[in-house]
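To keep things clear, I will list the structure first and then write my remarks on it.
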Amino acid sequence: MVDLATHPSAAIVQRASADLVTGSWHRCIRDYGLDPTRIELDVVSRSQLSAHRDELGDVVAIARGEMDNLAAQIAGSGYALMLTDARGVILYNHVESALRERFRAAGLWDGANWSERRQGTNGIGTCIVEQRPVVIHCADHFAVRHSGLSCSAAPIRNAAGELLAVLDASSVQCEGTRAGQMHTVALISMSARLIEKSLFVNAYRESRMLRFHGRPEFVGLIHDGVIAIDENDQIVAADDNAALQLGVDGRGALIGQAVAHVFDIDTDTLAAAAHEQDQTVWPLHERLRGRRYYARVTAPARSRSVLSLQGGEPRSLQIPARNAARRPGLNELAEADPAMAENVRCAKRVVDRRIAIMLRGETGTGKEVFARAIHEASARAGKPFVAVNCAAIPETLIEAELFGYKPGAFTGASRDGMPGKVLQASGGTLFLDEIGDMPLALQTRLLRVLEEREVVPLGGDTPIALDLNVISATHADLGARVASGDFRSDLYYRLDGITLTLPAVRERADRQALLRAVIASEHDGAAAIRIAEDAMKALVRYDWPGNIRQIRNVMRTALALCEDGLVRLADLPEEITHQAQQSAASTCASDEDSVVSDNPLANAERDALIGALEHNGWNVSRTAAQLATSRNTLYRKMKKHAIEPAQKR
């Protein structure tokens with residue numbers, strides 16, 4: 001056995017910064033007895049290569065298709081793609097013709113054995129040992145001859161979770177830093193997961209499959225969980241995502257269980273769902289913790305072949321009905337969009353600290369709903385919430401409406417007098433909507449009331465003490481109105497303790513989730529609402545100049561017009577369907593279910609972020625800590641890639 005302390009490579013081992021690389025160098029020296037200056041290439045014979053390929057026929061067939069697609073995306077980047085078996089033998093490579101000789105000289109060609117035992121620390125071999133994605137960059141390689149390579153590799157597992165193969169991207173130009181290869185390894189990892197998903201689905205195509213996720217738009221995509229079910233409704237296989245979604249210790253914990261013991265679904269419902277022609281996504285709950293998921297069940301391949309010959313309704317999305325009388329809380333508003341999540345975080349911090357809150361946003365963005373949610377989250381939740389629309393009350397009446405009056409204060413006044421909105425809100429929250437439209441003369445009096453915390457009704461002379469929180473809202477630029485002299489600067493600074501800007505619907509990263517929530521609240525029946533797939537895409541693509549208020553009006557009408565409980569494209573207004581047709585004709589970009597960029601590294605970053613969020617249960621703080629970045633930076637990246645924060649289940 002080689003003594004690590006006296007080995008010539010000891011100093012280099014000590015300089016290796018990554019634990020993974022250090023561990024691999026230990027193995028190379030102590031376990032394999034390798035000399036970094038005397039490692040030669042090991043290539044299997046043509047017949048042996050053929051035998052290796054035959055062992056993994058399905059894997060090679062599926063992986064080659066994905067590798068060809070990936071190669072088209074990264075063309076010109078200087079990277080070559082390699083597929084190896086679990087022993088490190090390269091089964092298939094995809095190299096640009098201009099670079100083929102350079103990669104062959106580096107030993108990266110079919111039949112070469114890149115196991116760690118043969119070639120020392122390298123992307124393929126170290127990935128096989130570690131069974132996780134790795135980056136081996138430049139001098140991370142144990143062999144001196146490989147120090148000019150930069151390799152990123154990810155494992156490919158079968159349906160039982162056993163290592164089958166490795167997907168690797170390598171460059172013969174060692175540039176940049178090791179940390180700079182994170183985009184590449186993310187891209188390779190996502191391609192490996194796609195291959196794994198295809199292998200799982202192919203392996204159990206004769207079984208029913210339940211695909212599920214905590215968010216309906218992810219069902220059927222790479223991050224959903226998949227379980228295979230036999231004719232007795234027992235789970236015969238599950239993928240890693242299924243275990244992750246359900247919070248169990250590995251996929252083995254699910255195998256052998258009855259589906260009805262995991263989810264609140266009976267045999268009849270499972271059978272009916274598997275044969276639904278439109279493959280609707282529907283909600284179900286996990287029994288152990290009661291968490292909500294959305295699922296789709298597919299019939300065995302032999303059953304689907306019969307169904308495919310029959311006609312049917314268009315594909316649709318199923319949305320559970322929600323009690324329209326129940327107002328959404330702050331947390332529900334936070335889960336939809338990064339900007340809204342930040343608004344909620346700030347609101348929670350200041351709500352009970354006597355700090356005035358100003359809400360800015362276009363008409364219809366839900367400023368009053370947000371204000372009510374703030375009130376309900378405060379210590380004043382059981383007290384009055386009084387809303388005043390400063391633009392809707394005639395100028396001659398607004399003073400009386402706000403401050404109240406004593407009996408006989410003016411002609412036509414009630415003989416009993418009126419307390420006024422400000423006094424009615426005492427103890428609770430006063431919401432001043434469209435504050436920018438308040439008459440200038442009245443602004444002076446409002447400022448005095450807010451400063452002195454007391455009000456004198458019209459016709460009275462005795463001040464009445466007040467105890468209230470003030471939330472104001474405007475669609476106008478109050479700073480510009482202050483500059484023009486139309487709004488008092490002192491009142492502006494009194495109301496602007498903190499400004500929270502509510503994004504327009506067209507700016508939100510969660511348009512589809514927002515649409516679902518609004519549609520559910522507008523439905524007055526007990527059954528779930530069904531939206532045709534093309535209708536939902538049209539709703540998502542529309543600009544919604546009237547924002548949430550317009551969504552409510554449109555969907556209220558569509559729900560009244562639709563037949564058979566299914567909202568179709570024909571039930572929507574012409575301006576929505578027309579814009580959807582124009583959008584579809586002018587771009588091939590995907591809808592909100594799959595935000596795809598022309599830049600493959602941007603796609604990899606998006607998928608890597610989703611994977612990290614999944615791993616941390618969509619907890620932004622934990623994910624940011626894992627990625628060694630700030631919460632604000634993570635929110636910005638989520639907004640950039642249109643990643644919606646997960647809904648609590």
Side-chain angles (χ1 to χ4, degrees), residues 327 347 350-360 363 367-476 478 481-482 486-498:
R327 298 188 183 98
V350 304
V351 64
D352 288 320
R353 299 195 177 187
R354 289 187 175 275
I355 296 174
I357 299 173
M358 181 176 291
L359 304 179
R360 288 194 60 185
T363 298
K367 295 186 287 291
E368 183 171 344
V369 171
F370 196 85
R372 285 184 180 275
I374 293 174
H375 171 74
E376 293 298 327
S378 73
R380 300 169 179 264
K383 302 296 183 179
F385 175 88
V386 179
V388 180
N389 190 321
C390 300
I393 303 174
E395 188 171 341
T396 55
L397 297 178
I398 191 169
E399 185 173 14
E401 283 284 331
L402 271 177
F403 307 119
Y405 56 85
K406 291 293 186 179
F410 53 86
T411 302
S414 168
R415 62 182 180 180
D416 297 324
M418 188 181 74
K421 300 293 187 183
V422 171
L423 190 56
Q424 290 173 22
S426 188
T429 300
L430 176 67
F431 176 57
L432 299 171
D433 198 8
E434 301 301 352
I435 186 66
D437 294 323
M438 175 175 281
L440 196 59
L442 219 60
Q443 294 174 24
T444 304
R445 185 157 185 210
L446 176 62
L447 176 63
R448 186 179 304 114
V449 167
L450 298 180
E451 290 287 356
E452 297 176 0
R453 295 282 170 173
E454 58 183 27
V455 63
V456 178
L458 294 176
D461 53 17
T462 304
I464 302 173
L466 297 171
D467 172 29
L468 46 78
N469 271 353
V470 178
I471 302 174
S472 57
T474 181
H475 69 280
L478 287 190
R481 294 204 172 189
V482 168
D486 295 323
F487 200 87
R488 290 184 61 103
S489 60
D490 44 8
L491 178 59
Y492 173 70
Y493 295 123
R494 180 63 182 79
L495 295 172
D496 188 30
I498 182 172

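Just so you know, residue 1 is the first one in the sequence shown, and it goes up from there.
- Every residue meeting the side-chain hydrogen bond (donor to acceptor under 3.5 Å, both in side chains) condition with T444, not counting sequence neighbours, appears here in chain and number order: R488.
- For residues 417-433, the side-chain hydrogen bond (donor to acceptor under 3.5 Å, both in side chains) pairs, not counting sequence neighbours, are H375-T429.
- Across all their heavy atoms, F431 and S472 have their closest contact at CE1-C, 4.3 Å.
- Interatomic distance, D490 CG to E451 CD, rounded to the nearest 0.5 Å: 8.0 Å.
- Minimum interatomic distance between N469 and V351 (heavy atoms only, all atoms of both residues): ND2-O, 3.0 Å.
- Legend: residues meeting salt bridge (Lys or Arg N to Asp or Glu O under 4.0 Å) with R448, ordered by chain and number and at least two apart, are absent.
- Of the candidates I435, T474, L440, F487 forms a side-chain contact (heavy atoms from CB on, under 4.5 Å) with just one, namely I435.
- Shown here are the side chain to side chain contact (heavy atoms under 4.5 Å, CB included) partners of I498, two or more places apart in sequence or in another chain: C346, V350, I355, I357, L500.
- Counting heavy atoms from C-beta outward, F403 and L442 have side chains that approach closer than 4.5 Å.
- Scanning for side chain to side chain contact (heavy atoms under 4.5 Å, CB included) contacts around A356 gives R494, with sequence neighbours left out.
- By the side chain to side chain contact (heavy atoms under 4.5 Å, CB included) test, V470 pairs with L432, L450, L468, L495, sequence neighbours left out.
- Closest approach of S378 to D352, counting heavy atoms only: CB-OD1, 3.4 Å.
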Per-pair distances, 0.1 Å, donor-acceptor, side chain in residues 384-394, under 3.5 Å, sequence neighbours excluded:
{"from": "N389", "atom 1": "OD1", "to": "A391", "atom 2": "N", "distance (Å)": "2.9"}
{"from": "N389", "atom 1": "OD1", "to": "A392", "atom 2": "N", "distance (Å)": "3.2"}

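- The side-chain hydrogen bond (donor to acceptor under 3.5 Å, both in side chains) search around D496 returns T499, not counting sequence neighbours.
- Remark: the backbone N or O of G436 is paired with a side-chain donor or acceptor of R481 at under 3.5 angstrom.
- Between A371 and I471, the shortest heavy-atom distance links the atoms O-CD1, 3.9 Å.
- Partners of E376 according to the side chain to side chain contact (heavy atoms under 4.5 Å, CB included) rule, which considers only residues two or more places apart in sequence or in another chain, are A381.
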Q) How far apart are the C-alpha atoms of R445 and L402, what are their side-chain angles, what is the distance that settles it, and do they pass the side chain to side chain contact (heavy atoms under 4.5 Å, CB included) test? A) CA-CA 10 Å; R445 185 157 185 210; L402 271 177; over 6 Å; no
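- For the salt bridge (Lys or Arg N to Asp or Glu O under 4.0 Å) test, residues two or more places apart in sequence or in another chain that qualify with D467 are R354, R380.
- With sequence neighbours excluded, the residues forming a salt bridge (Lys or Arg N to Asp or Glu O under 4.0 Å) with E368 are R372, listed by chain and number.
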Q) What do the steps show when you test L423 against L466 for side chain to side chain contact (heavy atoms under 4.5 Å, CB included), and what is the final call? A) CA-CA 7 Å; L423 190 56; L466 297 171; 3.8 Å; yes
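- The distance from the OH atom of Y492 to the CG atom of L447 is 15.0 Å, given to the nearest 0.5 Å.
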